[in-house]
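Here the structure is laid out as structure tokens; the discussion comes afterwards.
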Amino acid sequence: MRNTVIPHKHNNYRPYFLRHPVLFALSSLFLVSKAGIIILISLTPETAYLSTITSSFLIDKTNEARQEASLPNLTPNSTLAESAQLKAEDMLKKSYFAHVSPSGVTPWNWIDDTHYNYQYAGENLAIDFSTGESVHNAWMASPGHRRNILNKNYKDIGIAVVTGTFQGRTTTIVVQHFGSLSEVPVQEENMSPAKEPVQQPLKNSELAPPQIIEPSEGQILENGAATVRGLSQVGSMVNVRLDGKNIGKYLSDAGVFQGKFNVPTDSNGPSYLTAVASLGKQESPVSSPRKVVLNTKKPSIEQDSAIILPNPKDQSSLVFIVPVFGSVKKVTANIDGQIVPLSVKGSVAMASIDVSKASAEKLTVKAEGQNGSSTIKQVTPITKFNINPRQQSQINIISSINKIDNRLKIVFTIIIYLLALLLAVNVLIHIKIQHADLIMHVLFVLILGTVLIFVT
């Protein structure tokens, strides 16, 4: 035993346990056992690892956390979902993961681009997670992300989940946008002021501002022509504006002006009508703004982000998921001639489909808007995972392999600690007599074993 672990003159200060043949044997043991585990895992049919990262799941978890904090639920908002989608795609395309892009684009730029006129806004990001539960738990464990989720100023939420190649690996990026709408329109170039115009005191000799009666306050304007009607000085010419842009001139006959105007297409959200009357050289002040809601933008379908996953609730079926944006009323999929309705939550449309439909040759998705407009896209979904459910025998094999791997890691750890202890004894007993080649070999084995412990 003394010759095995203690250095002294009879073993030439080289304990048998620390000699090169033994160290080579330990290195081989480490490598062969770990390689065997990896080969076993690779030969085991890997099937149906389901990612639960969906926007609807994360919205539900966010609202559960807010309910526990006695805060109101956040409302899914398609505009915020669109801004989150744009941000996620930009990060994936340009290979960065940060709130501010390398070119200096902030989160608010994406929200501004979708015309969400926010009073408050926030952003949470996540990457390299495989389940929605782990994403939400990580956010709640981070003080900054948690503050966003539990911020009492937020009323709306939009989430995008994008999977793709990021810096040479396949991963999933999650973008969570929060916001609450401003009560007044945001001022933009060539638009009316953000706040109601300040009316100067009106003199009896001045022309009174027109009064808009139709459309009514908050009325939804769909595609096509809309009617405008109001009161103004007899004989005056009334110039009507939508968000500061002229949309028509109407003569006030018997004190009433009315007519039609074309609703701008490809628009959604609140807008403001104002009117100015002119009579001769006189021009009236601007009328009080009349808020209307434009609902003309066609729904959009992100066909390249469609995906098919195993159904965690039913192993004989699949879940078909496709992102949709805009004011969506109804979504259906035509799969080889069979119409399948999709449920819509936030910016995600999904449906349970038969396993045999996973390789359908013809698959189209139709999204119908609240205003009657519709968008149809041919879709080629990504089959993200093997669609066959694991058999119990496969589950047992994988469980056995994991147990073996865990036991090997324990053995590796014990050997590493013993080697480190023996090396320390070998160095300290006879400090003046050292073998550099032995010390270097032991250190190599220690490093190798430690690295292999952390290799999956």
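- No side-chain N or O of Y118 forms a donor-acceptor pair with one of D156 less than 3.5 Å apart.
- Donor-acceptor pairing under 3.5 Å is recorded for the side chains of D243 and S271.
- Sorted by first and then second residue, the pairs that involve residues 155-182 and meet ring-ring contact (aromatic ring centres under 6.0 Å, His included), not counting sequence neighbours, are Y154-F178.
- Q176 and S55 share no side-chain donor-acceptor pair at under 3.5 Å.
- Around the OH atom of Y417, the shell of radius 6.0 Å holds no more than 12 heavy atoms that belong to other residues, nucleotides or ligands.
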Item to check | side-chain hydrogen bond (donor to acceptor under 3.5 Å, both in side chains) evaluation trace for N239 with Y250 | outcome: CA-CA 7 Å; N239 189 352; Y250 312 92; over 6 Å; no
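- A heavy-atom distance below 4.5 Å is found between the side chains of Y96 and D90.
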Item to check | Trace of the side chain to side chain contact (heavy atoms under 4.5 Å, CB included) decision for I111 with L80 | outcome: CA-CA 7 Å; I111 298 176; L80 284 179; 4.2 Å; yes
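- The shortest side-chain heavy-atom distance between N73 and Q67 falls under the 4.5 Å cut-off.
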Next on the checklist: side-chain hydrogen bond (donor to acceptor under 3.5 Å, both in side chains) for S287 and T274? Distances and angles first, verdict last.
Outcome noted: CA-CA 6 Å; S287 69; T274 55; 5.4 Å; no
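- In this structure, the side chains of M140 and H145 stay at 4.5 Å or more apart for every pair of heavy atoms.
- Scanning for ring pair (Phe, Tyr, Trp, His ring centres under 6.0 Å) contacts around F261 gives an empty result, with sequence neighbours left out.
- A side-chain N or O of T227 and one of K260 form a donor-acceptor pair less than 3.5 Å apart.
- Using modelled atom types and a 3.5 Å distance limit, the side chains of T106 and N109 yield a donor-acceptor pair.
- For F97, the ring pair (Phe, Tyr, Trp, His ring centres under 6.0 Å) test picks out no residue, with sequence neighbours left out.
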Next on the checklist: Applying salt bridge (Lys or Arg N to Asp or Glu O under 4.0 Å) to K61 and E133, what does each step give before you reach the verdict?
Outcome noted: CA-CA 8 Å; K61 297 298 291 183; E133 190 81 25; 3.5 Å; yes
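- Note: H441 and F444 have tilted aromatic rings, judged against thresholds of 30 and 60 degrees for the angle between ring planes.
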